[in-house]
Structures are given as C-alpha cells and as structure tokens.
Asker: 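For reference, the structure I am asking about is given below.
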There are 2 protein chains.
Amino acid sequence: MESKPKVTIHHIAEKLNITASTVSRALNDNPRISDLTKKAVLKTAKELNYQPNNIAAALRHGKSHIIGIIVPTADRAFFSSVVRGIEDIANNLNYKVIICQSYDNYEKEIQTIDALLSARVDGIIASIGKNTENFDHFKRVQAEKIPLVLFDRTTDALEVSQIMIDDYLGAYKVVEHLIQQGCRRIAHFTSPKKVSIFKERLRGYTDALSDHGIPYDEDLVVQSNLQLVDGRESMEKLLKLKERPDGVFSASDYGAMGAMQVLKENKYKIPQEVALAGFSNDPFTSFTDPALTTVDQFSMTMGKKTAEIFFEQLKSGDKTAVPQKIVLKPELIIRESSLKKGSL
Amino acid sequence: MESKPKVTIHHIAEKLNITASTVSRALNDNPRISDLTKKAVLKTAKELNYQPNNIAAALRHGKSHIIGIIVPTADRAFFSSVVRGIEDIANNLNYKVIICQSYDNYEKEIQTIDALLSARVDGIIASIGKNTENFDHFKRVQAEKIPLVLFDRTTDALEVSQIMIDDYLGAYKVVEHLIQQGCRRIAHFTSPKKVSIFKERLRGYTDALSDHGIPYDEDLVVQSNLQLVDGRESMEKLLKLKERPDGVFSASDYGAMGAMQVLKENKYKIPQEVALAGFSNDPFTSFTDPALTTVDQFSMTMGKKTAEIFFEQLKSGDKTAVPQKIVLKPELIIRESSLKKGSL
DNA sequence: GCAAGTTGCGCAAACGATTGCATATTAAAT
DNA sequence: ATTTAATATGCAATCGTTTGCGCAACTTGC
C-alpha cells in the first residue's frame with residue numbers, strides 16, 4: 001500500500017551504492033557497464049517496481065517515442081484497419097501511437113496538428129480531411145523537421161511521402177466490369193472536394209467509358225458528399241432522368257447503399273435493371289441484399305507500408321528525405337449487386 | 001527558413017530583459033504579473049513563434065494533460081462513438097486523448113496499460129476486453145492514484161466508477177417485444193465470457209420469458225463469440241433442433257446478422273417464420289434486408305457521461321473517490337426483422 | 001512620516017533521465 | 001616494471017518549465 005514517492009533511478013542507485021548515471025546506462029544496456037552491474041540494477045528495478053519516467057527521458061533527448069496519427073474518423077473500417085497496420089509496426093519498434101480524429105473538419109484538423117506538435121510527437125501520419133484545401137498546418141509540421149507521411153487522402157501540394165491506392169485503376173476496373181455485365185448507361189457518384197481520390201475515381205470512370213466506346217453523359221455524373229442520404233438523393237435525381245441509368249458506380253459504399261435503398265423502394269431489380277457498385281469494401285457491403293460489388297483497398301497493407309515509409313524517414317533523420325509516392329493496387333470485389341450474367 | 005534552435009521562454013525573457021520565471025507566469029496568466037508585462041510577453045511570444053514545450057511542463061508538475069482511452073476496437077461504431085463523446089469533453093478541458101485498442105486481447109491490454117502508465121497519462125478510461133478475467137493491471141493503475149473509469153464492459157471486481165447501460169432492461173424489452181409479436185420459442189445467442197454485459201442480457205432474456213409464462217429451454221441458448229461466423233454456426237445448430245425457434249435474440253448485432261444470412265440461405269421467412277433481433281444498433285443493422293431490430297445504447301451520451309465522471313474524479317484528486325455506478329437506459333429499435341404484426 | 005500591505009518580479013531549485021568527459025581500476029603489451 | 005589500452009563507473013551539466021521564497025518599490029492608513 002505504498003503511496004506517492006515514485007521510485008526513480010536515484011533510488012535504485014542509492015540502494016546499490018552506485019550513481020544514477022550507471023543505473024541509467026545499465027537500464028539502457030550500455031556496453032560500458034559490466035554485466036554484473038546490469039543484473040543487479042535490473043533486479044532491484046524489479047524489486048522496487050521501478051517505472052521509467054518517459055517524460056523526463058523525452059525532455060532530455062527531445063524524442064517522445066510517440067507518433068501521431070490523424071484520420072478523418074476512426075469508425076470507418078478502412079481507416080481503423082490502416083491504423084491497426086500502423087500500430088502493429090510502431091509497437092514492434094517500441095513506439096506508442098496516439099490516434100486523433102479530424103472528423104473531416106478543417107478547424108479541428110488544425111487544432112489536432114497543434115495538439116500533436118505541442119505533445120512533441122516524433123512524427124505524424126495523416127489522412128487529410130475532405131474539406132481541407134489549405135495545407136499550411138502540415139507545412140508547420142515539416143518546418144519542425146519531424147517526419148510527415150500521408151496516406152489515402154493525400155495531396156500533391158505538399159512535398160511528402162504518400163501512400164495511396166490506385167483509385168484510377170480501381171474505378172476503371174469497376175466500370176469495365178459493369179460494361180462487361182451489359183451496362184450502357186452508367187452513372188457515377190462523385191465528390192466536389194479537392195481530395196485527389198475522388199478525382200482519380202472520376203478519371204477512371206470516364207476513361208473506362210471512352211475506352212469501351214461509351215459516350216460520356218454529364219447528366220449521369222452526380223456530385224455530393226457521398227454519404228447515405230446523398231446516395232439516396234442522387235439516385236432519386238437519376239431516376240427522374242428521361243432515360244434512367246442501368247448501372248451506378250458510387251465513389252463510396254455509403255453512397256451506393258443509399259442508391260440501393262431507393263432502387264428497392266421503387267421496386268427496381270438489382271442488378272437486372274440497375275447494377276450497383278461502391279468503393280472501399282466496407283464490411284457492411286457484404287451484409288446488404290444484394291451484396292454490394294465494391295473495391296477493396298488492402299487497408300492493413302496500406303497501414304504497414306505507411307508505417308514502413310514513415311519509420312524509414314524517421315531513422316534517416318531529415319536528410320535523405322526524398323518523398324516517396326507508393327501506389328498500391330486495389331482489387332475488384334464482385335458481388336450480386338452487379339452480377340447480371342451467371343458466374344464470374 | 002530558420003532551423004533547429006527551438007525558441008523557449010528564455011529567449012522571450014532575454015528579448016524583454018526579464019527572467020524566464022516572469023515569462024512563464026505571464027504565459028500562465030498569473031495574477032502576480034502586471035498586465036503590461038503580460039501583453040509584452042504574449043506579443044514577443046507570437047513574434048518568435050514560441051511553442052510551449054509540454055514535455056518540460058509535464059515533467060515539472062507531474063501532469064501530462066493526456067488521458068488514455070482503451071477500447072477493444074475502435075472500428076465498432078459503438079466504441080468510436082463513445083470515444084467521440086469523451087473526446088468532445090476532454091478537448092474542451094484542454095486535455096488530449098490517446099486512443100488505444102486492446103483488440104480483446106488480454107496480453108495486449110496489459111501492454112497497453114503499461115504503455116499508458118509510462119507515457120504518464122493523467123488518467124485512464126477503459127472498456128474491458130472480452131477475454132480479460134484478471135484485473136491486476138487495472139489495479140496497478142489505481143495504485144498509481146490516477147483516475148480510472150470503466151464504461152460498458154465493466155466489472156465489479158474493481159472499485160471504480162463505471163458507466164454502463166442497463167443491459168438487463170434492453171434484453172428484457174427485446175424479448176418482451178418478440179413475445180408480443182407472437183414468438184413462443186425464442187433462442188438467445190450469448191457469450192461465455194466473464195464480462196457482465198452478456199450475463200445481464202441473458203438475465204433479461206430469462207426473466208422476460210418467465211414473466212410471460214414461457215418455459216426456459218436450455219437448447220435455445222447458444223454460447224459463442226458472437227461474431228458473424230458464430231451467429232451462422234449458432235443458427236445452423238438451432239435449425240437442426242427438433243422444434244426450430246420462431247425468434248432469435250442475439251446479444252450482438254453481428255451474431256444476428258449471421259443468423260439472418262443462414263435463415264435467408266435456407267429460405268426461411270424473416271420475421272414470419274423466425275423473428276430476429278440484435279443488440280447495439282450498429283449502423284449496418286439498418287442496411288440489412290430486412291432491417292434488423294436491435295437496442296440502441298446511446299453511445300455518445302455514454303461517452304459524455306463517462307468523461308464527466310472521469311474529470312470529476314480527476315479534479316477531486318483521489319480523495320472523494322467514491323466510485324459511482326451510472327446505468328443508462330437503452331432504447332429498443334424495432335425494425336422489420338421482428339415486426340410480424342402490422343404497425344408498432 | 002512610518003509601519004504594514006500590496007504589487008511585480010528575480011533567484012534558484014526542482015522534475016527524472018541522459019550523456020560528454022574525467023577518473024579509477026585492471027589487463028595487456030613491450 | 002612501466003607504458004598503453006581497455007573497462008567500469010562517477011561527476012555535473014542539461015533538457016524547458018514551474019514555483020516557493022525573497023526582495024524591492026510603491027501604496028495606503030493614521
């Protein structure tokens with residue numbers, strides 16, 4: 001039932017009649033300390049239940065051994081999975097991870113950066129908020145000379161390493177698949193935001209169309225925030241068209257889900273009358289009826305790769321900071337919502 | 001393009017020909033400093049782009065202004081929502097939050113506690129992992145005299161404040177509802193784990209049955225890990241019974257989802273032949289077909305309440321540490337999966 | 001005009017660990 | 001036996017803030 005007086009290296013030192021320096025070195029396995037002393041130190045450290053004060057250490061050598069991760073939201077399977085990938089690597093390297101959510105809010109993103117900076121994290125890994133168009137706060141991170149790595153929602157406005165998936169390719173594959181299934185009027189839900197992922201998906205959509213000789217019809221491209229309600233609204237808008245689409249590719253799974261609801265409410269047959277596809281392979285997509293065709297982003301892999309690049313940069317200590325750009329290949333997940341013809 | 005030399009209060013002091021103490025006090029708005037000096041300090045702080053070193057401050061007064069949150073996983077809507085609630089309050093009080101995931105892994109939970117402790121967090125808010133049956137690591141937190149508050153997955157083995165929902169009541173309401181819909185053979189998916197929430201839900205189930213004169217049949221209570229696959233297996237087992245159930249109440253939404261899949265695959269009509277209900281109101285439950293009846297846990301409210309209790313305890317500084325037990329009322333969300341009769 | 005407050009600020013010691021340099025002890029080399 | 005190296009540890013400064021105590025200077029009251 002011992003109370004406050006936290007045990008420090010000095011207590012250990014005192015008990016062993018050596019100095020704190022020796023204890024410190026012993027605990028850090030410094031080769032200049034004899035094995036005998038090391039054993040003794042370790043032993044009494046256990047006995048006294050010594051807990052190193054990381055704060056003091058951090059103050060001394062300016063490293064907190066904590067890295068900050070900023071995601072728009074942690075409750076999206078994709079992000080939490082990436083985070084998990086990063087965590088795995090970080091923990092192995094004995095780094096702690098502090099997860100922050102920007103909630104796609106620009107102001108909050110700035111605050112978060114400041115909080116992390118003043119917590120003196122050793123580096124930051126981030127996915128940019130949807131509404132962010134100014135990147136000065138990220139530049140401040142770079143000005144501090146601590147590593148910054150972006151994943152998924154990245155930007156070329158910054159000179160940083162970025163890990164993303166090939167959104168263009170993913171979208172292209174989806175649309176090509178829909179065409180192969182016989183769709184000729186394929187709509188697309190996209191976002192007006194500056195984030196490159198949506199622009200890339202749109203590009204994949206248009207290229208796939210033109211490569212297969214299908215004319216581009218701007219009426220079929222609907223901009224929104226890509227949430228469930230947006231998907232519903234977009235779909236309702238599309239159904240009012242003179243000639244309704246026979247396929248919908250939403251840049252988000254939630255958008256596709258909204259479309260599915262509206263289609264079902266209006267008794268359209270999916271995929272026979274309208275084929276449907278989303279993007280992200282959110283877990284719920286396999287629970288819907290029909291199950292939703294989508295694009296898997298290998299989130300865990302992305303996390304690991306991101307962490308890898310990050311720690312590489314961390315070790316290299318701001319010199320060899322050649323920004324890398326890693327592009328991972330996504331995978332098309334075909335499910336009933338788009339499968340008009342029999343098998344695969 | 002100025003590089004390393006971080007600006008400290010000493011630089012400010014030097015520039016103003018005062019001492020660091022004064023600068024420190026000025027920055028902390030100490031009443032013993034004249035307004036004039038304060039203005040001057042603030043001004044040059046801006047000019048020099050001064051960033052306080054929280055680590056040094058933390059070292060000095062033993063408080064990091066960081067609190068640790070431990071959740072089994074951040075990608076479950078319930079947990080991430082609670083986290084968000086906590087975050088809101090914490091941020092307002094100028095506390096940073098570090099989110100850790102135990103992944104329901106006992107070892108990892110211990111490691112996490114140690115990591116947080118050595119990061120010198122000012123307190124810990126946690127939801128216990130499913131497999132945890134020994135609570136010594138939490139006792140270590142208490143031994144450090146820093147506040148510890150548990151939410152949702154709690155235990156009475158510790159003398160801590162806990163915030164939970166009335167799982168008993170939620171379960172009772174579900175089962176009563178199923179009975180009112182005409183179900184007479186209601187199965188229940190539960191977990192063998194020590195966590196009280198599942199025991200409470202089971203108790204609600206049995207009480208509701210007996211209160212309505214329905215005999216308890218142990219064949220209808222299936223233990224599992226409550227994930228999707230478990231739900232599938234459990235349902236398959238139930239369908240092999242001589243007399244199949246006409247209702248299933250799963251202690252988790254994922255378990256209910258697994259049951260739904262199996263039932264649909266076997267062409268059973270939901271809810272006509274088998275009514276279905278889950279627990280947690282996970283977002284996907286409204287996307288399934290039929291949409292899943294479930295129990296909402298007011299996660300955001302729980303988060304806020306938890307944070308409230310936590311900071312109360314933090315302020316009170318380990319004296320008045322009377323452990324509180326807050327029980328929130330859940331709400332039954334009735335959807336098609338259980339609605340045999342017409343309206344509500 | 002003097003004791004007693006008040007106000008505004010400086011001094012210096014913390015907080016706990018790390019680390020360059022110095023020192024003492026022992027071993028190896030000549 | 002004496003110089004040279006290696007080995008093992010101690011000394012003391014340092015990281016950037018905070019804070020108890022002390023000391024001026026300036027009010028105030030009588």
Asker: Would the base of C:dG10 count as contacting B:R25 through its side chain, where contact means a donor and an acceptor less than 3.5 Å apart?
Answerer: yes
Asker: Can you measure B:K63 atom NZ to C:dC15 atom C1' for me and round it to whole angstrom units?
Answerer: 13 Å
Asker: Examine the base of C:dC15 for any acceptor or donor lying under 3.5 Å from a partner atom in the side chain of A:T8, and report the outcome as yes or no.
Answerer: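 Not at all, since no donor on one side and acceptor on the other fall under 3.5 Å apart.
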Asker: Starting at CZ of B:R120 and ending at P of C:dC15, how long is that distance when rounded to a whole Å?
Answerer: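 Interatomic distance, CZ of B:R120 to P of C:dC15: 13 Å.
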Asker: Would the distance check show the side chain of B:K38 and the main-chain N or O of B:N30 forming a donor-acceptor pair, the cut-off being under 3.5 Å?
Answerer: yes
Asker: Classify the side-chain pair A:E109/A:T132 by whether it contains a donor and acceptor separated by less than 3.5 Å.
Answerer: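 Yes, because at least one side-chain N or O of A:E109 sits under 3.5 Å from a partner of the opposite role on A:T132.
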Asker: Evaluate A:V71 against A:V83 for side-chain contact (heavy atoms from CB on, under 4.5 Å), listing each step before the verdict.
Answerer: CA-CA 9 Å; A:V71 288; A:V83 166; 4.0 Å; yes
Asker: Please state whether the base of D:dT14 and the side chain of A:R60 form at least one donor-acceptor pair under 3.5 Å?
Answerer: yes
Asker: Please give, in whole Å, the distance from C:dG8 C1' to B:L36 CG?
Answerer: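 Those two atoms, CG and C1', are 11 Å apart.
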Asker: Output the rounded distance in Å from NE2 (A:H61) to C1' (C:dT19).
Answerer: 11 Å
Asker: Roughly, in whole Å, what's the span from CD1 in B:I33 to C1' in C:dT6?
Answerer: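 From B:I33 CD1 to C:dT6 C1': 14 Å.
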Asker: Would you say the side-chain atoms of A:D122 and A:S64 include a donor-acceptor pair closer than 3.5 Å?
Answerer: yes
Asker: Go through the steps for A:F151 and A:F79 under the test side-chain contact (heavy atoms from CB on, under 4.5 Å), then give the verdict.
Answerer: CA-CA 10 Å; A:F151 72 90; A:F79 289 116; 4.0 Å; yes
Asker: Report the distance from atom CG of A:L16 to atom C1' of D:dA8, rounded to the nearest whole Å.
Answerer: 15 Å
Asker: Applying a 4.0 Å non-hydrogen cut-off, can you work out what B:N54 is touching in the nucleic acid: base, sugar-phosphate, or nothing?
Answerer: nothing
Asker: Enter the distance from B:I124:CD1 to B:I146:CD1 here, rounded to the nearest 0.5 Å.
Answerer: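 With rounding to 0.5 Å, CD1 (B:I124) is 5.0 Å from CD1 (B:I146).
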Asker: Output the single nucleotide from D:dA8, D:dT17, C:dT18 whose closest atom is nearest the side chain of A:R32.
Answerer: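 Among D:dA8, D:dT17, C:dT18, the one nearest the side chain of A:R32 is D:dA8.
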Asker: For A:N17, answer base if it contacts any base atom (sugar-phosphate contacts may also be present), sugar-phosphate if it contacts only those atoms, and nothing otherwise; contact means non-hydrogen atoms under 4.0 Å.
Answerer: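 Result for A:N17 = sugar-phosphate.
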Asker: Could you tell me whether the phosphate oxygens of D:dG10, OP1 or OP2, come under 4.0 Å of any side-chain nitrogen or oxygen in A:T19?
Answerer: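 For D:dG10, OP1 or OP2 has a side-chain N or O of A:T19 closer than 4.0 Å.
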Asker: Checking only heavy atoms, does the side chain of B:T37 share a donor-acceptor pair with the base of C:dC9 at less than 3.5 Å?
Answerer: no
Asker: Starting at atom CG of A:L59, determine the distance to atom P of D:dA13, rounded to an integer number of angstrom.
Answerer: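 Distance, rounded to whole Å: 17 Å.
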Asker: Output yes when at least one side-chain N/O atom of A:T22 is less than 4.0 Å from OP1 or OP2 of D:dG10, else no.
Answerer: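 Result: yes.
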Asker: Does A:I18 reach a base, just sugar-phosphate, or nothing at all? Heavy atoms under 4.0 Å.
Answerer: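 Sugar-phosphate contact only.
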Asker: Send over the distance from A:I9 CD1 to D:dA12 C1', rounded to a whole Å.
Answerer: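 One finds 13 Å between C1' of D:dA12 and CD1 of A:I9, rounded.
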Asker: Can you tell me if the side-chain N/O atoms of A:N28 get under 4.0 Å from OP1 or OP2 in C:dT18?
Answerer: yes
Asker: Among the candidates D:dA8, C:dA17, C:dC15, find the nucleotide nearest to the side-chain atoms of A:S34.
Answerer: D:dA8
Asker: Ignoring hydrogens and angles, does a donor from either the side chain of A:S21 or the base of C:dA17 sit under 3.5 Å from an acceptor on the other?
Answerer: no
